[in-house]
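Taking it in order: structure first as structure tokens, then the write-up.
Residue numbers run from 1 in the order of the sequence given.
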Amino acid sequence: MSRVRIGVIGCGAIAQIQHLPFLSELADEFEVAAVCDVSPSAAKYAADLFHVPNSCTDYRDLLASDVDAVLLCQSDPKTDVAVAALDAGKHMFIEKPVCLSLDDVDKIISAAQKADVVAQAGYVKLYEPAFEAAVPEVRGMDDVHFVQVNHLHPDNFLHIGQFRTRRFDDVPANMGQQLADARSESIRSAIGDVAPYVERAYMTLSGSLIHDLYGLRLLFGSPSSVLHTDIWNDGKAFSTTLEYPSGFRCVASWVDLPRLWDFYETLEVYGSDKRVIVQYATGFSRGVSTLTVHEIDDAGTSLRRQPAMDWESPFRRELRHFHECIADGVECRSPVSDAREDISLIIDIAKAYIGGTVDETPR
């Protein structure tokens with residue numbers, strides 16, 4: 001199999017801005033055979049814009065077709081659709097968050113193992129050239145003392161508005177409530193009954209800070225403990241402190257700054273004589289992330305390097321990797337099985353806050 005017939009489920013902003021344009025560019029690797037969305041207008045719009053021959057509103061119709069693979073980027077939770085796709089024998093690329101609870105991820109992993117297909121998580125930061133270049137720099141450090149993650153996040157619509165995207169109001173009336181109820185049930189399964197602001201923070205942990213957490217896991221493995229978590233601003237800001245087996249700490253913060261244009265997300269690794277800093281572009285852009293390395297040479301001179309990065313989008317790179325896994329049997333760099341560790345960590349991060357609070361009033 002050289003050209004993979006793929007169907008896209010979910011035709012919202014990330015599909016319109018990133019996935020469908022790059023799938024169209026990668027015409028030697030993929031044939032987009034169908035798109036699906038619960039909004040008939042969204043499905044038709046995406047099909048017309050990207051010259052896709054088939055559109056539908058029921059994912060089961062897409063799974064019954066002759067596609068080889070599916071890309072899932074619909075609203076959460078995605079668990080039922082993911083399991084159905086795997087049970088149908090389709091290779092699967094699932095956007096983050098893969099799911100919201102250990103019960104759900106175990107269902108997906110089990111289905112993937114039974115189907116013996118490629119099941120890739122949409123962990124786009126792993127495919128960032130700047131992150132890839134940072135990996136050997138960090139692994140060459142023998143005395144990491146401190147790691148910091150800063151994720152200062154403006155409203156996505158500030159950036160989505162720079163692209164030609166469309167939203168439609170013909171989603172079935174009961175669909176939104178059904179999804180909200182399903183999300184709450186998954187969160188309840190993960191961390192119990194919590195106040196709405198804690199649920200809001202948990203969704204952001206799962207859907208946004210998750211990028212930073214899986215990058216940390218690839219660099220350092222899993223933390224030995226979550227020392228502290230705080231949530232404030234009605235669940236739109238939180239910070240957590242992670243301890244790693246060698247003794248260093250990571251402080252990871254996510255803060256909603258809705259009207260501020262500038263997106264700021266960094267991974268910063270500090271040793272006694274070297275620091276490595278990755279600054280990411282927003283996922284709703286075609287910008288280039290950067291790597292900066294500060295170090296001291298043998299003469300004691302402080303140096304600063306900022307290597308030039310490839311311009312290829314990490315979204316494009318991860319789609320090419322997905323194709324390589326299917327067509328050439330390449331080992332997947334971001335399998336859904338690895339996502340279990342990340343979901344377990346976000347549960348521990350949330351529980352560190354829940355266990356440390358006196359009451360459940362908004363903060």
Side-chain angles (χ1 to χ4, degrees), residues 72-87 92-123 125-126 178-218 220-229 231 235 238 240-245 250 252 254 332-357 360:
L72 307 185
C73 48
Q74 75 275 25
S75 297
D76 301 297
K78 308 181 187 77
T79 305
D80 289 345
V81 181
V83 170
L86 294 165
D87 286 347
M92 182 188 71
F93 179 120
I94 181 169
E95 260 295 355
K96 58 80 192 168
V98 170
C99 54
L100 302 171
S101 72
L102 291 176
D103 287 343
D104 283 351
V105 76
D106 286 342
K107 291 176 185 176
I108 295 172
I109 292 170
S110 176
Q113 291 171 340
K114 289 177 183 176
D116 192 26
V117 294
V118 177
Q120 178 173 322
Y123 279 2
K125 301 301 189 206
L126 298 185
Q178 288 178 2
L179 287 171
D181 291 344
R183 282 192 294 272
S184 292
E185 181 58 35
S186 289
I187 294 172
R188 191 175 301 114
S189 169
I191 59 174
D193 288 308
V194 295
Y197 79 97
V198 178
E199 185 171 317
R200 186 176 301 113
Y202 186 80
M203 281 300 301
T204 303
L205 269 168
S206 305
S208 189
L209 195 73
I210 193 72
H211 286 304
D212 308 290
L213 297 178
Y214 64 66
L216 291 170
R217 173 173 53 78
L218 187 137
F220 306 113
S222 296
S224 52
S225 63
V226 179
L227 297 178
H228 175 75
T229 299
I231 300 173
F238 51 84
T240 188
T241 302
L242 310 176
E243 181 181 35
Y244 283 82
C250 171
W254 193 101
C332 184
R333 292 173 55 192
S334 52
V336 293
S337 54
D338 285 359
R340 193 182 199 281
E341 291 188 55
D342 307 320
I343 294 165
S344 180
L345 178 56
I346 64 171
I347 290 171
D348 289 345
I349 289 171
K351 286 185 174 179
Y353 174 77
I354 296 166
T357 53
E360 286 290 301

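Considering Asp104, Thr79, Asp181 in turn, Asp104 is the only one that fulfils the side-chain hydrogen bond (donor to acceptor under 3.5 Å, both in side chains) rule with Ser186.
By the 4.5 Å heavy-atom criterion applied to side chains, Ile343 and Cys99 are counted as neighbours. Taking 4.5 Å as the limit, some side-chain heavy atom of Ile349 sits within range of a side-chain heavy atom of Leu242. Side-chain atoms of Lys78 and Pro97, non-hydrogen and from C-beta on, do get closer than 4.5 Å to each other. When side chains are defined from C-beta on, Pro223 does not count as touching Glu243, because their heavy atoms never get closer than 4.5 Å. The closest side-chain heavy-atom distance from Val98 to Arg340 is not below 4.5 Å. Residues Ser189 and Asp103 meet the side-chain proximity criterion, which asks for heavy atoms closer than 4.5 Å. Between Val194 and Tyr202, every side-chain heavy-atom pair lies at or beyond the 4.5 Å cut-off. Using a 4.5 Å heavy-atom threshold, the side chains of Ile109 and Gln113 count as touching.
Residue Pro245 comes nearest to Ser224 through the heavy atom pair N-OG, 3.9 Å, listed as atom of the first residue, atom of the second, then distance. The heavy-atom pair separating Val226 from Ala352 by the smallest distance is CG1-CB, 3.6 Å. A pairwise comparison of heavy atoms in Ser184 and Glu199 identifies OG-OE2, 2.9 Å as the closest pair. Across every non-hydrogen atom of Ile347 and Ala190, the tightest pair is CG2-O, 3.7 Å. In terms of heavy atoms, Leu102 sits closest to Ser344 at CD2-N, 4.0 Å.
A donor-acceptor pair is defined here as one N or O able to donate and one able to accept, closer than 3.5 Å; no such pair exists between the side chain of Arg217 and the backbone of Glu341. For Ser334 (side chain) and Ala121 (main-chain N/O), a donor-acceptor pair under 3.5 Å exists by modelled atom type.
Relative orientation of the Tyr214 and Tyr123 rings is parallel, given thresholds of 30° and 60° on the angle between their planes.
Put simply, CZ on Arg188 and OG on Ser101 are 12.0 Å apart, with the number rounded to the nearest 0.5 Å. For the atom pair CG of Leu86 and NZ of Lys107, the computed distance is 13.5 Å after rounding to the nearest 0.5 Å. Rounded to the nearest 0.5 angstrom, Gln120 CD and Glu95 CD are separated by 10.0 Å. Separation of atoms OG1 (Thr229) and NZ (Lys351) is listed at 12.5 Å; rounding is to 0.5 Å. Taking CG from Leu205 and CD1 from Ile191, the interatomic distance works out to 8.5 Å, rounded to the nearest 0.5 Å. Annotation: the span from Ile94 atom CD1 to Gln74 atom CD amounts to 7.0 Å, rounded to 0.5 Å.
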Mind running side-chain contact (heavy atoms from CB on, under 4.5 Å) on Met203 and Ile187 for me, showing each step along the way? CA-CA 8 Å; Met203 281 300 301; Ile187 294 172; 3.9 Å; yes

Met92 and Val117: side-chain contact (heavy atoms from CB on, under 4.5 Å), yes or no, with the steps? CA-CA 8 Å; Met92 182 188 71; Val117 294; 5.9 Å; no

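For the 3.5 Å distance criterion, the side chains of Trp254 and Ser208 qualify, holding a donor opposite an acceptor.
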